[in-house]
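First up is the structure itself, then whatever we jot down about it.
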Amino acid sequence: MAVETTRWGILYCPRTGIISGTRKRWEKIQKILDERGVQYDMVQSETADSVERLIKMMISNGYKTIVIVGGDSALNDAVNCLMMEEKSVREEIALGVIPNGVMNDFARFWDFDEDKPEQTVDWLVQHRIRTVDLGCIRYTNANGEKCHRYFLNCLNIGMTADIMNLRRQTRRLFGSRTLSFISSLFVMLFHRMEYKMKLHINSDVIDRKVMTVCIGSGPGYGQTPNAVPYNGMLDVSVVYHPEVVQLIEGLWLLVTGRFLNHRSVHPYRTTEVQVDYAKKAMVGVDGRLMKTPVGSFCVNVEQEVINFLIPA
């Protein structure tokens with residue numbers, strides 16, 4: 001049965017692996033929503049696999065405002081569900097976020113702070129909409145099927161995809177962004193650092209060993225800091241393997257927001273990246289490891305396809 005157009009559908013995604021504080025976190029958000037007089041229905045995801053099913057349920061029930069209380073991966077699931085719908089259906093739905101994930105990079109781009117839920121709800125209530133771009137990877141899976149996956153923030157190929165996977169696992173373990181980052185870097189020293197790749201970016205052909213590639217429609221966890229999800233372009237950072245001293249310098253520049261200044265980082269801006277091969281390199285989409293594509297794949301951008309609620 002259809003719901004009122006002003007009623008929010010809220011999907012609450014508890015931080016996996018961090019049990020303590022989960023109920024208190026939702027109770028705090030619930031109190032803020034009630035104080036603002038927001039009409040809403042809330043469902044809670046039990047696993048990552050349940051997010052898409054619950055989003056599809058909200059869409060079919062007619063919710064016009066869908067708010068994710070979660071992180072980048074939950075948002076990724078939500079936009080992929082929306083992109084399965086007809087354009088006419090998608091255009092009537094606005095997607096919002098109250099950051100509550102292991103990683104909240106896309107929310108931070110818009111200045112949504114996970115420690116300030118009151119401010120976030122106040123902004124969402126204003127219902128200010130920005131239509132944003134999505135990146136898209138088109139690939140063939142192990143069964144020979146043609147597939148695609150959209151992303152709001154970034155796609156990583158190589159070492160960073162490995163790090164983001166490690167960071168997600170260690171964040172669940174430690175519950176601290178700083179500790180997870182440090183421990184991920186330590187573990188990274190024992191992982192593969194170079195991958196043979198062949199990339200086509202604009203008129204350039206890169207055919208050599210590469211440490212990592214970040215293709216960002218958004219800030220890319222600091223690797224594509226100038227990317228914005230509304231200019232119809234993708235920012236690309238290709239990182240060759242630096243010496244140990246240069247690697248330490250690069251990590252410092254990443255933390256301080258000056259990643260593109262590193263001599264081993266080669267930045268591009270484009271609408272499409274063709275990857276002929278990236279041998280044995282992991283691929284991550286919005287911080288979540290995906291099954292490695294088989295053979296060549298293409299990454300492009302679809303302009304202004306998702307209505308996103310931004311600060312007023």
Side-chain angles (χ1 to χ4, degrees), residues 9-13 16 43 45-61 63-107 109-110 129-143 145-157 161 164-165 168 215-218 220-221 227 229-230 234 272-273 282-293 297-309:
I10 297 180
L11 176 59
Y12 179 61
C13 305
T16 53
V43 292
S45 64
E46 297 178 357
T47 65
D49 294 336
S50 69
V51 173
E52 290 193 11
R53 173 178 58 82
L54 294 171
I55 291 294
K56 289 176 182 176
M57 179 191 71
M58 288 182 177
I59 294 171
S60 64
N61 285 339
Y63 289 93
K64 303 305 181 185
T65 301
I66 297 176
V67 175
I68 307 298
V69 183
D72 290 339
S73 294
L75 277 175
N76 182 277
D77 290 335
V79 298
N80 276 278
C81 285
L82 284 168
M83 291 302 290
M84 293 178 190
E85 300 295 328
E86 296 290 337
K87 182 181 178 182
S88 58
V89 174
R90 193 171 65 240
E91 286 180 341
E92 293 183 350
I93 298 173
L95 181 66
V97 63
I98 299 174
N100 189 53
V102 174
M103 291 180 284
N104 305 292
D105 205 50
F106 193 75
F109 172 80
W110 300 101
I129 292 175
R130 180 76 187 247
T131 309
V132 299
D133 303 339
L134 293 179
C136 182
I137 175 174
R138 303 180 187 278
Y139 64 100
T140 302
N141 67 14
N143 297 322
E145 300 166 331
K146 298 294 183 182
C147 305
H148 63 275
R149 185 79 185 177
Y150 295 98
F151 57 92
L152 274 165
N153 189 25
C154 68
L155 179 140
N156 292 110
I157 310 168
M164 299 311 294
N165 186 49
R168 178 179 296 279
I215 304 172
S217 180
Y221 304 103
Y230 43 76
L234 296 168
E272 182 177 286
V273 178
M282 292 185 174
V283 178
V285 177
D286 282 343
R288 177 191 288 163
L289 202 63
M290 65 179 287
K291 292 181 179 179
T292 303
F297 56 92
C298 178
V299 184
N300 58 14
V301 61
E302 297 201 21
Q303 193 169 6
E304 298 183 345
V305 288
I306 292 290
N307 294 325
F308 194 76
L309 296 175

Closest heavy-atom pair and its distance - D133, S217
O-OG, 3.8 Å

Would D105 and M103 count as a side-chain contact (heavy atoms from CB on, under 4.5 Å) if you check the C-alpha gap in whole Å, the side-chain angles of each, and the deciding distance to 0.1 Å?
CA-CA 6 Å; D105 205 50; M103 291 180 284; 5.7 Å; no

Calculate, to the nearest 0.5 Å, the distance between atoms CD and CD1 belonging to E91 and I306 respectively.
10.5 Å

For F151 and V299: C-alpha separation, side-chain torsions, deciding distance, then whether side-chain contact (heavy atoms from CB on, under 4.5 Å) applies.
CA-CA 10 Å; F151 57 92; V299 184; 3.8 Å; yes

CD1 of I55 to OH of Y63: how many Å apart, nearest 0.5 Å?
11.5 Å

Spatial distance of atom CD (E52) from atom CG (L54) [nearest 0.5 Å]:
10.5 Å

Residue list, side chain to side chain donor-acceptor pair (under 3.5 Å) with D77, at least two apart or on another chain
R149, R288

Tell me if a side-chain donor or acceptor on D286 pairs with a main-chain N or O of C154 at a distance below 3.5 Å.
yes

Can you give me the closest heavy-atom contact between K146 and T140, atom names plus distance?
NZ-OG1, 3.3 Å

In this structure, CG of L234 is separated from CD of E272 (nearest 0.5 Å) by 9.5 Å

Looking at R90 and E85, does any basic side-chain N land under 4.0 Å from a carboxylate oxygen?
no

So, do V132 and E304 sit near enough that their side-chain heavy atoms are less than 4.5 Å apart?
no

On the 0 to 90° scale, with breaks at 30° and 60°, tag the W110-Y230 ring pair as parallel, tilted or perpendicular.
tilted

As an exercise, state the distance from CD of E92 to NZ of K87, rounded to the nearest 0.5 Å.
13.0 Å

Under the side-chain contact (heavy atoms from CB on, under 4.5 Å) criterion, do L75 and F106 qualify, and how do the steps go?
CA-CA 9 Å; L75 277 175; F106 193 75; 4.2 Å; yes

Considering all heavy atoms, the nearest N100-C13 contact:
ND2-O, 3.1 Å

What one should report as the nearest heavy-atom pair of N76 and V79 is O-CG2, 3.2 Å

To the nearest 0.5 angstrom, please state how far the CD1 atom of I93 sits from the OG1 atom of T65.
9.5 Å

Using a 3.5 Å distance criterion without hydrogens, assess whether the side chain of N307 forms a donor-acceptor pair with backbone atoms of T131.
no

Under the side-chain contact (heavy atoms from CB on, under 4.5 Å) criterion, do I66 and I59 qualify, and how do the steps go?
CA-CA 8 Å; I66 297 176; I59 294 171; 3.9 Å; yes

What are the two closest non-hydrogen atoms of A227 and G218, and how far apart are they?
CB-O, 3.1 Å

Would you say that L152 contacts L134 through its side chain, given a criterion of any heavy-atom pair below 4.5 Å between the two side chains?
yes

Can you name the side chain to side chain contact (heavy atoms under 4.5 Å, CB included) partners of R138, sequence neighbours left out?
C136, H148, Y150, N300, E302

With heavy-atom distances below 4.5 Å as the criterion, would you say the side chains of V97 and L95 are in contact?
no

Could you tell me whether the side chain of D72 and the main chain of G101 form a donor-acceptor pair under 3.5 Å?
no

Shortest non-hydrogen contact from Y139 to P293?
CB-CB, 3.6 Å

Would the distance check show the side chain of N141 and the main-chain N or O of N143 forming a donor-acceptor pair, the cut-off being under 3.5 Å?
yes

